[in-house]
Amino acid sequence: MMLKIKNLHVSIDGKEILKGLNLEINPGEVHAIMGPNGAGKSTLASVLAGREEYEISDGTVDFDGKDLLELSTEDRAREGLFLAFQYPIEIPGVSNIQFLRTALNEIREYRGQEQISAKDFMALVREKSKIVELDSKLASRSVNEGFSGGEKKRNEIFQMAMIDPKLAILDETDSGLDIDALRIVANGVNKLKSKENATIVITHYQRLLDYIIPDFVHVLYNGKIVKTGPKELALELEERGYDWIKEELGMEN
Amino acid sequence: MSKLNVGETYEIDINNSNQAFILSAELRSKAAQIIASTDFPTTKTEAWKYTRVTKIKNTKFKILADFPLWRGIKGEESSNQIDKFLIPNLSGSVIVFVNGLFSSELSTIEAENGLEILPLNQDNTFKKDLGKLIPLENEIFYSLNTFYAQDGIAIRIAKNTQLKQTIQLIFISSGENTYIGNRNVIRCEDFSKAHITMNYVSLDNELAFNNTITEISVGSNAHLSVDKIQQESESMNSIISEFVQQEKDSTFSINTFTLGGDLVRNNLNIDVNGQNCETYLSGAYILKSKQHVDNHTIVDHKVAYCESNELYKGVIDDQATAVFNGKVFVRKDAQKINAFQSNGNILLSNTATINSKPELEIYADDVKCSHGSTTGQLDEEAIFYLKSRGISYKTAKKMIVGAFLEDVIKRVSNEHVQLYVNSLTNNSLKV
Ligand SMILES: Nc1ncnc2c1ncn2[C@@H]1O[C@H](COP(=O)(O)OP(=O)(O)OP(=O)(O)O)[C@@H](O)[C@H]1O
Ligand SMILES: [Mg+2]
């Protein structure tokens with residue numbers, strides 16, 4: 001098993017957001033997480049990536065045999081965890097290329113591998129920017145600075161392609177994309193898919209799941225995974241909303 | 001007069017000195033009177049509002065006429081010791097001063113047509129005009145410099161001379177309680193061009209005081225650029241002043257990088273006397289522990305059609321304090337002036353302080369002037385983003401601070417100096 005989340009309780013500023021969440025992911029799988037606004041989807045992604053302002057009051061997260069919650073953010077990335085941000089950050093003055101090369105080299109160093117040569121690195125940039133059809137000009141600009149919403153999301157997947165993680169968490173990577181950009185990003189994600197890696201796709205829209213076919217669809221509601229089903233569940237959610245699930249669970253609106 | 005008492009405890013034994021003084025007897029006696037009758041500035045003195053000089057006031061500094069420590073770093077061994085102060089791959093003359101005195105052993109002067117370099121205490125031509133434009137009234141530090149200056153460098157770039165190589169000046173402070181007070185003069189004559197670096201460094205010193213003045217003139221159509229790099233020891237007190245006269249169609253730029261020193265005050269005084277001049281003042285500082293660095297600039301636009309551009313940026317950690325006081329005067333008939341001033345700061349700790357005071361005094365009506373200052377913290381969101389890609393906190397911080405200072409560092413036009421400054425700023429970021 002690649003990821004095993006058990007009974008995860010997380011709060012921020014004294015407010016409990018995740019209330020005993022369980023999730024298991026195996027290599028080769030694609031999991032979609034859906035759920036209403038404020039359910040805790042981004043919180044889950046942030047906690048997995050190691051954002052520090054959250055308080056974890058209970059639960060465990062095992063990532064490929066390691067206690068994920070004990071690792072620093074950078075070590076989680078070096079162990080193969082990748083988060084595509086819902087709102088990618090702009091970093092003026094830091095070039096995309098320089099930043100990615102530094103990232104790759106620090107990951108390699110952690111793994112006891114040699115530094116990547118300038119030549120190999122540039123070849124990799126060329127190869128991977130094709131996957132998401134990222135304009136080579138964007139690759140050399142400051143990180144996300146002045147990028148359009150769609151370009152930022154593409155840049156996230158470009159970074160994912162460069163880093164080649166074991167587990168990628170895509171937090172609403174489809175939001176704000178037009179249909180062409182959506183297809184490009186989704187194709188990119190599919191091209192990166194393998195038997196060894198896994199993907200968590202957080203989304204509100206079933207249309208993304210037409211391109212990235214999930215093995216499981218989970219409903220995150222009120223801090224927990226309350227329902228898990230096959231890919232058809234996404235269609236049903238899109239048609240019927242979340243109320244029926246609340247009713248099914250005997251919850252109040 | 002063998003001993004001079006200033007305030008309660010300030011005392012310099014001039015009998016101990018067998019060096020000739022370089023300013024005229026007339027100016028020196030005027031300075032002596034001012035020293036005897038003027039108190040050190042306090043925070044009630046407008047120009048020193050944010051900078052206390054108590055430590056300078058209360059320390060007995062020595063003028064080392066007979067330099068024991070200077071001897072100590074002479075000869076073969078010394079050249080190795082100063083190697084670390086050389087800017088890698090930079091060709092051209094290297095002029096070294098140790099505790100205010102020219103070191104011929106450590107210096108190499110590369111002859112170029114139209115270039116004249118010599119220590120002021122061996123000179124008779126430059127001395128004549130020295131100090132004419134330096135205000136002494138109420139100015140205890142300028143007066144101290146005027147009275148005690150024993151040496152300094154004189155550089156003349158003759159008319160129509162475009163220097164190909166950089167002139168590298170290295171000012172080393174060494175020893176305990178040493179008082180250093182150079183008086184330098186740089187004269188860029190009409191249609192000349194030069195690039196000069198001034199590197200202020202320390203070698204085993206304790207509580208020294210460097211009170212240096214450089215008089216600069218930029219002739220008409222001349223171009224002078226200066227990179228001032230301050231990396232003295234953490235017990236160093238420095239008051240480093242430049243007085244610049246710019247004539248018509250000239251360009252003057254100075255980049256000040258302050259990384260070391262305990263108390264550092266930079267006084268930049270630019271008189272723009274001729275039309276169609278460009279003036280660029282830039283600076284970056286990285287401060288930690290209890291460092292106090294005060295950049296005080298005055299650009300005086302006396303005539304029309306000129307442009308000045310000022311950009312200072314700093315990163316302040318621990319209990320350090322930065323002061324930026326940039327004043328721009330636009331005189332009555334100085335129309336069509338563009339003056340731009342900006343100061344940006346990142347505070348890395350809750351106890352770090354910035355006092356930023358950009359000021360405009362405008363007496364003309366057709367001008368374009370703007371000023372602004374910003375203060376912020378390190379962008380933790382950006383740090384998290386970089387870390388989430390596998391980059392350590394240390395590297396992430398360096399990347400973000402480096403990006404913040406980059407536009408200042410990019411103003412260094414010589415690539416070797418730029419690389420040097422880059423590596424210094426990188427190394428001085430505490431992690
Ligand atoms: N710093 C904070 N302080 C207090 N509450 C917070 C803080 N950050 C997030 N929350 C709350 O946590 C809850 C979960 O937010 P989260 O961003 O995880 O939701 P989400 O499922 O990703 O929603 P969306 O679909 O809108 O992206 C929300 O109610 C939100 O307001
Ligand atoms: Mg969200």
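What you see below is based on every heavy atom in this structure, not just the backbone, and it leaves out hydrogens, waters and symmetry mates. So that the names make sense, note that chain A is the first sequence line, chain B the second, and so on, each numbered from 1.
- At least one test fails for B:R389 against the ring of A:F99: distance under 6.0 Å to the centre or angle within 45° of the axis.
- Atom CG in B:D379 sits 7.5 Å away from atom CD1 in A:I91 (nearest 0.5 Å).
- Put simply, CD1 on B:I383 and OG1 on A:T73 are 11.5 Å apart, with the number rounded to the nearest 0.5 Å.
- Of the atoms belonging to A:P88, heavy atoms from both backbone and side chain fall under 4.5 Å from chain B.
- No more than 12 heavy atoms of other residues, nucleotides or ligands lie within 6.0 Å of CD in A:E114, so this atom counts as exposed by the packing criterion.
- For the atom pair B:K387 NZ and A:E52 CD, the distance stands at 4.5 Å (nearest 0.5 Å).
- Heavy-atom distances place no part of A:E109 under 4.5 Å from chain B, backbone and side chain included.
- No more than 12 heavy atoms of other residues, nucleotides or ligands sit less than 6.0 Å from atom CD of B:E234.
- The CZ atom of B:F384 lies 10.0 Å from the CD atom of A:E74; values are rounded to the nearest 0.5 Å.
- A:Q159 CD to B:Y385 OH: the interatomic distance, rounded to the nearest 0.5 Å, is 3.5 Å.
- Chain B forms the most heavy-atom pairs under 4.5 Å with one residue out of A:I107, A:L100, A:T102, and that residue is A:T102.
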Worked verdict on A:S95 versus B:M399 for side chain to side chain contact (heavy atoms under 4.5 Å, CB included): CA-CA 10 Å; A:S95 92; B:M399 287 172 89; over 6 Å; no
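- Of the listed residues B:A403, B:S388, B:G390, the one with more heavy-atom pairs under 4.5 angstrom with chain A than any other is B:G390.
- Only the side chain of B:E406 comes within contact range of chain A, with at least one heavy atom under 4.5 Å from a heavy atom of that chain.
- In B:N350, the CG atom is not crowded: 12 or fewer heavy atoms of neighbouring residues, nucleotides or ligands sit closer than 6.0 Å.
- At a 4.5 Å heavy-atom cutoff, A:D75 makes no contact with chain B through either its backbone or its side chain.
- Remark: A:Y87 OH to B:E381 CD distance equals 12.5 Å, nearest 0.5 Å.
- Using a 4.0 Å cut-off between charged side-chain N and carboxylate O, A:E106 and B:K394 make no salt bridge.
- No more than 12 heavy atoms of other residues, nucleotides or ligands lie within 6.0 Å of NZ in B:K410, so this atom counts as exposed by the packing criterion.
- The number of heavy-atom neighbours closer than 6.0 Å to NZ of B:K193, taken from other residues, nucleotides and ligands shown, is 12 or below.
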